2 protein chains.
Amino acid sequence: MVDYDFMLSELKRILKDKGLKFTSQRELILKTLYENDGHFSPEDIYMIIQRENPDIKIGIATIYRTLALLEEEGLADSLSIDNGGKRYELGLKKHHDHFICTECGKITEFYDDVIEKRQEEVAKEHGFKMKSHSMKIVGICKECQDKNKQ
Amino acid sequence: MVDYDFMLSELKRILKDKGLKFTSQRELILKTLYENDGHFSPEDIYMIIQRENPDIKIGIATIYRTLALLEEEGLADSLSIDNGGKRYELGLKKHHDHFICTECGKITEFYDDVIEKRQEEVAKEHGFKMKSHSMKIVGICKECQDKNKQ
DNA sequence: ATACTAATTATAATAATTTTTCAATATAAT
DNA sequence: ATTATATTGAAAAATTATTATAATTAGTAT
């Protein structure tokens, strides 16, 4: 796992490169993504920050803006859920795909080499220059299946 | 390609099964999806219907409700695009995945047996009961790459 | 055919989510 | 420290989706 100091210096480097400024809000949002494992809506991030830093004021618009920036620069990744909007997670992690459970809403990560490799090939075959890819498998997780049986 | 009469009779059968009613609006929305190849937002569908049937009045809420119904019954499929909301396409087509071009926004369909098969296996390996799956490859399409070179 | 019942509709209001505007503030370079 | 500029929070605006309701319509039974 990439460590926080590295991500922070990446953020600083990127901001400098683009003539943008390093702010406490941007740092805080990155840190929040780093310290919380999961897939969060902007609203989630907003509430986590408020809960964990009752002294700090931050606007929801800043959350939206910053998450978009982090994603653009690869420091965050997003996932579109069927209902409602995007969920964000920390970027620079090993690439992976997602299981989404329709019963409990849980999002689980998985990785499969065969699929990864084949995606590259398929893109190449179609002359498509791949920048990213995502796969979602929607269904019912093991836990919910067991729960249903009882 | 499944023909329209089949889809229409499917719709009628499903509605009857569920004690719902066959209405001109529901038929019109299915027909619109059938006759227009592409991936449309509810707003798109609304505008296409208004344009092609200036005499008919239909409410945007009906579009939303009907698309959700059609999707639930498999007569339509939806795809979450990064910006904004869902895009719908006709259902009962052969399953496929999507290329999304970040330059021109074009969505292209593709199908790959290796990926399909492997998805089934991965879900099974994780004890996940797959209901559906989707894959998006985001990048730059051949046409835009060529355009950029000029 | 007609009448009846319940589902469906359009419209408008409402809710939820995301983006934009703008004046005040904070940052980075000098 | 000063200055120029990017960023922020707050509120307004825009977008997207859902809900309530009275009127209408489809499907069934008569």
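Because the structure is predicted, anything quoted here is derived from the model rather than measured. Just so it is clear: chains get the letters A, B, ... in the order the sequence lines come, proteins before strands, and each one is counted from 1.
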Taking 4.0 angstrom as the limit, do [X] and [Y] come out as a salt bridge?
X	Y	result
Lys124(A)	Glu121(A)	no
Glu125(B)	Arg118(B)	yes
Lys147(A)	Glu103(A)	no

What's the [atom1]-[atom2] distance between [X] and [N], to the nearest Å?
X	N	atom1	atom2	value
Leu11(A)	dA6(D)	CG	P	17 Å
Ile29(B)	dT8(C)	CD1	C1'	12 Å
Leu28(A)	dT8(D)	CG	P	11 Å
Lys16(A)	dA6(D)	NZ	P	16 Å
Lys12(B)	dA26(D)	NZ	P	12 Å
Leu67(B)	dT18(D)	CG	C1'	14 Å
Lys18(A)	dA28(C)	NZ	P	16 Å
Arg87(A)	dT18(C)	CZ	C1'	15 Å

Determine: side-chain N/O of [X] to OP1/OP2 of [N], distance under 4.0 Å, yes or no.
X	N	result
Thr23(A)	dT8(D)	yes
Tyr64(B)	dT18(D)	no
Gln25(B)	dT25(D)	no

For Tyr64(A), check ring-ring contact (aromatic ring centres under 6.0 Å, His included) against everything at least two apart and list the hits.
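Not a single residue meets the ring-ring contact (aromatic ring centres under 6.0 Å, His included) criterion with Tyr64(A).
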Taking only residues two or more places apart in sequence, or in another chain, which ones meet His98(B) in a ring-ring contact (aromatic ring centres under 6.0 Å, His included)?
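Per chain and number, His98(B) pairs via ring-ring contact (aromatic ring centres under 6.0 Å, His included) with His39(B), His96(B).
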Donor/acceptor link under 3.5 angstrom from Lys21(B) side chain onto base of dA6(C)
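Per atom types, the contact qualifies.
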Please confirm whether any donor atom in the side chain of Arg65(B) sits under 3.5 Å from an acceptor in the base of dA10(C), or the reverse.
yes
Any chance you could lay out the side-chain contact (heavy atoms from CB on, under 4.5 Å) test for Asp97(B) and Ile137(B), step after step, and finish with the verdict?
CA-CA 8 Å; Asp97(B) 295 312; Ile137(B) 294 186; over 6 Å; no
Contact list please: residues 33-63 of chain B against DNA chain C, heavy atoms, distance less than 4.0 Å, in numerical order.
Lys57(B), Ile58(B), Gly59(B), Ala61(B), Thr62(B)
If you group Ile, Leu, Val, Met, Phe, Trp and Tyr by side-chain heavy-atom gaps below 4.5 Å, do Met7(B) and Leu70(B) land in one group?
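They do share one cluster, since a chain of ILVMFWY contacts under 4.5 Å joins Met7(B) to Leu70(B).
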